[in-house]
Amino acid sequence: MDKYVPADIETKWQKVWEEERSFEAPDPETPGGADRSLKSYVLEMLPYPSGTLHMGHVKNYTMGDVIARFRARNGYTIFHPMGYDAFGLPAENAAIKTGLPPAELTKINTDNIKQQLHRLGVSIDWSRELATCDPEYYRWTQYFFLKFYERGLAYRKEAAVNWCPSCATVLANEQVVQGACERCGSAVETRNLAQWFLKITEYAERLLEDFELLQSWPERVITMQRNWIGRSEGAEVIFRVDDMDLDIPVFTTRPDTLFGATFFLLAPEHDLVIRLVEGTEFENPVHDYVTSSRLKPMVDRAMAEREKTGEFTGRYATNPVNGEKIPIWVSDYVLMEYGTGAIMAVPAHDQRDFEFARKFGIEVRVVVSGELESGEAVGVDAGATLETAFDEEGKMVNSGRFDGMAIREAGQAITEWLNGESLGQAAVSYRLRDWLVSRQRYWGAPIPIIYCDECGTVPVPEDQLPVLLPEVEDYAPKGKSPLATNEDFVNAICPKCGGPGRRETDTMDTFVDSSWYFLRYTDPRNDREPFDQAIVNYWMPVDQYIGGVEHAILHLMYARFFTKVLYDLDLVAFKEPFNNLFTQGMIYYQGAKMSKSKGNVVNPDEHVENYGADTLRLYILFMGPPELDVEWQDQGIEGTFRFLGRVWRLINEIIEKVEPTVFSDFANADEQAMKLVRKTNQTISKFTADVAERFRFNTAISAVMELVNEAYLAKDGLLASEEGRGVLRFTAESIVKLLDPFAPHVCAELWQRLGHNRLWNESWPQADERYLVDETYELVVQVNGKVRGRLRASRSAGKDELLAAALASEQVAKYTTGKNIVKEIVVPGRLVNLVVK
RNA sequence: GCGGGCGUGGCGGAAUGGUAGACGCGCCAGCCUUAGGAGCUGGUAGGGUUCUCCCUGUGGAGGUUCAAAUCCUCUCGCCCGCACCA
């Protein structure tokens with residue numbers, strides 16, 4: 001018998017798959033009317049080609065491949081494409097370091113990744129490969145930008161935006177993590193810049209509503225998105241500024257507490273701040289306050305524990321419910337981006353307002369009376385003595401005719417009253433902000449806009465797309481896009497008037513590129529439109545999407561938004577792109593996330609070289625449940641390699657010693673042979689359920705390990721008889737068929753040696769019901785819940801029979817003699833429990 | 001602070017109310033021996049032991065149940081997300 005040499009086997013079969021184009025999905029013949037029930041679009045998040053694939057990628061792509069191969073064998077037509085999220089900062093930063101243009105560097109990296117995927121044996125339809133930095137791709141990214149623009153969903157405005165000094169570009173809110181840049185970790189600053197935004201806020205409600213369509217998404221991801229969107233119901237209430245012809249609306253979730261508003265606050269960025277203090281004695285201090293809070297880094301401003309600061313404007317606002325005049329202050333705990341940038345402050349019932357009021361000596365007026373958690377009563381007069389804001393349920397007080405109502409009731413009543421008086425109305429507010437998509441960097445899709453002195457902002461006509469990304473001398477970020485220095489690029493003719501114009505020099509956030517790539521796969525070479533609608537509607541939505549949870553908000557929310565806009569544009573017929581989502585856990589090593597800086601990176605290539613792709617694939621899914629974080633163990637992979645060697649030897653020995661024609665039905669098999677027949681069928685059944693229904697690959701694999709172990713033990717005995725040899729062959733073929741999605745190379749080889757042809761075209765094995773269960777089983781007998789005996793029982797035995805057998809057993813008698821049996825529980829197939837006293 | 005998750009041998013993990021520790025790693029022993037870091041077989045939660053069993057045991061404390069790793073309450077620890085969002 002030859003030794004198991006993965007390298008030879010793997011290159012052999014990879015070549016076959018390539019030459020026979022085994023995994024190419026056919027274009028649907030009549031896509032519009034075709035039966036879609038047996039298509040399966042299996043997609044893993046596309047890799048960012050920053051260098052080589054790491055273990056996280058291997059896990060991601062192996063899992064996708066197992067699902068794709070498994071479903072293919074179960075009768076599905078598989079759509080399993082691959083591409084590269086090829087625009088983006090790392091390539092550009094590396095280019096600056098090495099001097100190599102980003103395009104070249106990216107090409108090197110994508111070639112490399114393709115090689116790696118190839119060596120892993122992932123069943124990808126390579127005919128659909130795409131890179132988002134290819135002009136044939138970003139042409140359509142630009143096209144969509146223009147479609148958004150036409151609809152008023154892309155707009156440019158000046159705003160206080162997140163600026164990463166190290167990346168030298170602005171960032172979307174989603175890309176700022178605790179005040180720091182999501183990519184590089186530097187503290188994010190605030191700058192006022194004119195930037196392009198996509199109006200994701202307009203879709204906030206639908207992004208929430210359609211969670212209903214995403215039943216199988218991980219709860220965690222939905223919760224994260226829901227929190228991020230941050231929907232709050234409340235009211236918008238108009239306050240009039242005293243002595244000025246000015247109305248300022250505020251948003252509140254607690255209209256019931258309106259009578260308790262004892263002051264009014266504006267965000268420092270609010271336009272009206274300047275007007276309120278203009279020419280008054282308050283002008284200078286307020287100006288100073290506004291200036292200093294603008295300089296404050298985002299990180300500091302976002303700290304809830306910070307002491308409250310503020311300045312009085314000298315102005316008063318009228319509370320619409322009681323006509324009371326309350327002082328208007330400016331404070332930086334009010335955020336311009338949320339609500340209206342102004343709030344009514346109710347110190348008795350809001351902790352932040354409470355802190356502010358105590359610090360500046362403002363009245364705290366209780367309008368909800370109730371009980372603190374400690375049981376202490378909060379009465380009408382508690383304002384002066386409260387130690388913390390009271391935000392529990394309670395009854396209205398100090399609130400005129402609303403007194404005595406429960407707070408919810410009062411909130412509604414007050415809102416209705418405001419509505420009647422045209423002083424306010426019910427309102428909904430979201431935490432979600434519009435998506436800032438312009439980036440002051442080179443390596444991205446240029447925003448297809450021309451500025452003309454005569455015509456203003458003019459979109460580039462569709463027939464002039466793509467706006468090609470030109471080569472530049474210097475990619476180094478200077479706070480402006482490197483494209484701005486390229487005169488040939490910047491100078492353009494206004495498409496409207498033919499006069500001189502200037503191109504927008506910012507490029508798009510790479511998350512725009514990845515918000516629609518899964519659509520392009522369906523029709524990747526279309527040069528007339530982004531995709532054929534009938535084709536995209538055939539393959540989409542993605543049936544199984546797989547990726548890391550780090551994209552729970554970013555990519556997954558953007559892609560959902562994009563899909564909804566395309567739905568509204570009648571370009572696609574579905575509202576959600578990803579029907580099912582699986583978020584894989586991370587792989588740790590030496591107790592930490594793998595990272596170059598920590599020097600604890602496990603290189604997949606090395607393991608492919610040492611043990612082969614099959615071993616690596618098998619191990620990475622054997623390590624634990626795929627959704628959990630797991631720790632890489634160097635010795636673990638050796639065990640998996642040993643297992644494949646064991647399979648190799650077992651099956652080759654069977655091939656050598658069992659004539660291929662021997663394959664009887666198992667009617668004449670003896671008990672020893674039947675045992676293995678049953679075990680094989682049980683394994684088929686368990687394995688299939690684990691893979692198909694639960695993605696529990698680790699337990700599926702261990703089930704095959706058990707079968708292999710049993711086969712070894714039974715082997716020598718079974719080789720002696722013809723029936724036995726038939727059973728061995730059946731078991732051998734089953735093992736190969738089951739392991740195939742995980743270890744496709746070695747299984748393809750063994751299948752061929754077993755005298756067959758192409759394993760990946762075989763159908764999935766079915767367990768034979770007749771051989772699934774043993775006629776007898778081990779019945780556990782418990783006394784008072786403790787296991788006291790085990791006996792063989794017949795499957796067909798009824799409760800009475802089982803009970804009788806249990807009572808008759810000697811082992812049990814020890815614990816029952818001299819005692820009363822109070823209760824008997826009989827669970828056929830499992831146990832008998834006797835309760836004695 | 002709010003929301004979510006997790007806690008089981010030396011290690012990764014099985015067990016979705018019914019035999020805790022499947023499977024794998026590691027370790028121990030035996031066999032084989034073209035002597036090998038290979039392969040095959042057996043053992044391996046802790047404690048006790050007459051070697052057959054007995055006791056204890058799933059972060060901790062209570063509870064529900066004939067029966068709890070699993071369900072409920074409280075509590076401790078770790079991880080993740082959000083965090084002055086009115």
Side-chain angles (χ1 to χ4, degrees), chain A residues 3 177-179 218-228 230-232 234 250-254 257 265 267 301-306 308 331-335 337-346 349-353 355-356 429-433 549-550 552-553 585-586 618-619 622-625 627-640 642-643 645-646 649 686 694 696 698-709 712-713 715-716 778-790 811 814 822-827 829-836:
Chain A
K3 253 182 88 183
V177 179
Q178 292 184 7
E219 191 53 42
R220 179 157 76 125
V221 172
I222 290 182
T223 306
M224 280 166 74
Q225 287 200 12
R226 187 166 270 136
N227 291 342
W228 188 264
R231 182 182 198 275
S232 304
V250 301
F251 174 76
T252 176
T253 53
R254 294 290 307 274
T257 63
L265 286 174
R301 252 189 88 170
M303 294 236 291
E305 307 82 36
R306 222 174 92 240
K308 298 284 176 287
S331 176
D332 65 5
Y333 79 85
V334 180
L335 306 174
E337 309 89 65
Y338 185 75
T340 61
I343 63 165
M344 63 164 199
V346 185
H349 305 293
D350 180 288
Q351 185 57 26
R352 298 153 298 176
D353 299 346
E355 287 164 21
F356 191 94
S429 190
Y430 300 92
R431 207 188 77 108
L432 181 71
R433 316 268 195 267
V549 76
E550 65 274 16
I553 295 173
M586 278 192 304
L618 196 62
Y619 175 58
F622 180 62
M623 283 163 77
E627 70 276 16
L628 298 184
D629 294 344
V630 284
E631 171 115 4
W632 179 271
Q633 304 214 312
D634 289 309
Q635 281 163 330
I637 191 168
E638 284 184 41
T640 313
R642 274 204 294 267
F643 167 68
R646 221 164 126 77
R649 287 185 300 275
K686 175 174 170 55
R694 311 196 300 160
R696 296 297 284 249
N698 54 331
T699 52
I701 295 165
S702 69
V704 181
M705 288 175 169
E706 285 183 51
L707 178 60
V708 169
N709 290 345
Y712 261 93
L713 293 177
K715 184 189 61 187
D716 291 341
E778 188 182 66
L779 179 77
V780 166
V781 184
Q782 295 181 332
V783 178
N784 289 340
K786 289 194 173 164
V787 182
R788 296 303 185 190
R790 297 147 206 268
Q811 302 151 293
K814 271 197 277 183
V822 194
K823 197 168 181 181
E824 299 132 350
I825 292 101
V826 183
V827 184
R830 291 227 176 255
L831 51 70
V832 171
N833 188 10
L834 305 171
V835 185
V836 303

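The sequence lines fix the lettering, A, B, ..., with proteins before strands; numbering per chain opens at 1. These numbers come from a predicted model, not from an experiment.
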Base, sugar-phosphate or nothing for A:N784? Non-hydrogen atoms, less than 4.0 Å. nothing
Is A:R433 touching bases, backbone alone, or none of the nucleic acid, heavy atoms closer than 4.0 Å? base
Would you say A:R649 reaches B:C40's phosphate, i.e. side-chain N/O to OP1/OP2 under 4.0 Å? yes
So, is A:R788 near the phosphate of B:C55, with a side-chain N or O under 4.0 Å from OP1 or OP2? yes
Considering only heavy side-chain atoms of A:Q782, the closest of B:A86, B:U19, B:G42 is B:U19
Nearest-angstrom distance, C1' atom, B:C27 to B:C11: 12 Å
Does A:K786 reach a base, just sugar-phosphate, or nothing at all? Heavy atoms under 4.0 Å. sugar-phosphate
Which one, B:G42, B:C55, B:C66, comes nearest to the side chain of A:K823? B:C66
Base, sugar-phosphate alone, or nothing: which one does A:I553 contact when heavy atoms must sit under 4.0 Å apart? nothing
Is B:G7 in the syn range, within 90° of 0, or in the anti range? anti
Please report the shortest heavy-atom distance between A:A267 and A:V334, naming the atom on each side. CB-O, 3.3 Å
So A:D353, base contact, sugar-phosphate only, or nothing? Heavy-atom distance under 4.0 Å. nothing
Identify which nucleotide among B:C84, B:G13, B:C66 has an atom closest to any side-chain atom of A:D332, counting heavy atoms from C-beta outward. B:C84
Specify the separation, in whole Å, of atom NZ of A:K3 and atom C1' of B:G37. 12 Å
B:A67 and B:C74, which share atom name C1', separated by this distance in whole Å: 24 Å
Side chain to side chain donor-acceptor pair (under 3.5 Å) partners for A:T699, two or more places apart: A:D690
So that I can compare with my own list, what are the stems of RNA chain B, taken as at least three consecutive Watson-Crick or G-U pairs with distances under 3.5 Å? B:1-7 with B:76-82, B:10-12 with B:23-25, B:26-31 with B:39-44, B:45-48 with B:53-56, B:59-63 with B:71-75
For A:D350 and B:C84, what is the distance between atoms CG and C1' respectively, to the nearest whole Å? 9 Å
What distance, rounded to whole Å, do you find between the two P atoms, one in B:A35 and one in B:G43? 29 Å
Using whole Å, report how far CD of A:E706 lies from P of B:A22. 10 Å
Select base, sugar-phosphate, or nothing to describe what A:Y712 touches, counting heavy atoms under 4.0 Å on all strands. sugar-phosphate
Counting any heavy atom closer than 4.0 Å, what does A:V334 reach on the DNA or RNA strands: base, sugar-phosphate only, or nothing? base
Is the backbone of A:M623 close enough, under 3.5 Å, to the side chain of A:N698 for a donor and an acceptor to pair up by distance? no
Looking at CE of A:M224 and CD1 of A:I553, how far apart are the two atoms once the value is rounded to the nearest 0.5 Å? 4.5 Å
Can you tell me the distance, in whole Å, between the CG atom of A:N698 and the C1' atom of B:C25? 15 Å
Nearest-Å distance, CG (A:D629) to P (B:G7)? 13 Å
Let's see if you can work this out: which of B:U41, B:A86, B:A14 has an atom nearest to the side-chain heavy atoms of A:R646? B:U41
Compare the minimum distances between each of B:A86, B:G12, B:G18 and the side chain of A:S232, then state the nucleotide with the smallest one. B:A86
Under-3.5 Å donor-acceptor pair between A:N833 side chain and B:C66 base: yes
Would you classify A:G639 as touching base, sugar-phosphate or nothing, given that sugar-phosphate means primed atoms plus P, OP1 and OP2, and contacts are heavy atoms under 4.0 Å? sugar-phosphate
Categorize A:R226 for me: base, sugar-phosphate, or nothing, with a 4.0 angstrom heavy-atom threshold over every strand shown. nothing
Protein-nucleotide distance (A:W632, atom CH2; B:G13, atom C1'), rounded to Å: 16 Å
Closest listed nucleotide, where the reference is the side chain of A:P625 and the choices are B:G12, B:A83, B:A14: B:A14
Looking only at side-chain atoms of A:R431, point me to the closest of B:G26, B:C23, B:C82. B:C82
For A:Q635, report the nucleic acid contact type (base, sugar-phosphate, nothing); a contact means any heavy atom under 4.0 Å. sugar-phosphate
Sequence neighbours left out, what passes ring-ring contact (aromatic ring centres under 6.0 Å, His included) with A:Y430? Give chain and number order. none
Would you kindly compare A:V787 and A:R694 by the position of their nearest RNA chain B nucleotide and give the one closer to the 5′ end? A:R694
Have a look at A:Q351 and say if it touches a base, only the backbone sugar-phosphate, or nothing, with a 4.0 Å heavy-atom cut-off. nothing
Any chance you could measure A:M705, atom CE, to A:R646, atom CZ, to the nearest 0.5 Å? 10.0 Å
Calculate the interatomic distance between A:E638 atom CD and B:G37 atom P; express it in whole Å. 13 Å
The side chain of A:R306 lies closest to which of these nucleotides: B:G12, B:A86, B:C84? B:C84
What integer number of Å spans the C1' atoms of B:C2 and B:C84? 13 Å
If you apply the rule side-chain contact (heavy atoms from CB on, under 4.5 Å), what do you find for A:V549 with A:R220, and how did you get there? CA-CA 9 Å; A:V549 76; A:R220 179 157 76 125; 3.4 Å; yes
Just by distance, with hydrogens left out, do A:N227 and A:R431 show a side-chain donor and acceptor under 3.5 Å apart? no
Any N or O donor-acceptor pair under 3.5 Å from the base of B:U19 to the side chain of A:E778? yes
Answer with base, sugar-phosphate or nothing: what part of the nucleic acid does A:V780 contact at a heavy-atom distance below 4.0 Å? base
From A:R788 atom CZ to A:N833 atom CG, the distance as rounded to the nearest 0.5 Å: 11.0 Å
Give a yes or no answer on whether the side chain of A:Y338 reaches the backbone of A:L432 with a donor-acceptor pair at less than 3.5 Å. no
Return whichever of A:T640 or A:Y333 has its heavy-atom-nearest nucleotide of RNA chain B closer to the 5' end. A:T640
Compare the minimum distances between each of B:G13, B:U41, B:A22 and the side chain of A:S702, then state the nucleotide with the smallest one. B:A22
From CZ of A:R642 over to P of B:U41, roughly how many Å is that when rounded to an integer? 13 Å
Could you check if a side-chain atom of A:F643 sits within less than 4.5 angstrom of a side-chain atom of A:Y619, using non-hydrogen atoms only? no
Of the nucleotides B:A86, B:U19, B:G18, which one has an atom closest to the side chain of A:R790? B:U19
Looking at A:R830, I'd like to know whether one of its side-chain N or O atoms comes within less than 4.0 Å of OP1 or OP2 on B:A67. no
For the C1' atoms, the ones on B:C66 and on B:A29, what distance do you get once it is rounded to whole angstrom? 42 Å
Please report the distance separating the P of B:C31 from the corresponding atom of B:G18, rounded so that it comes out in whole Å. 43 Å
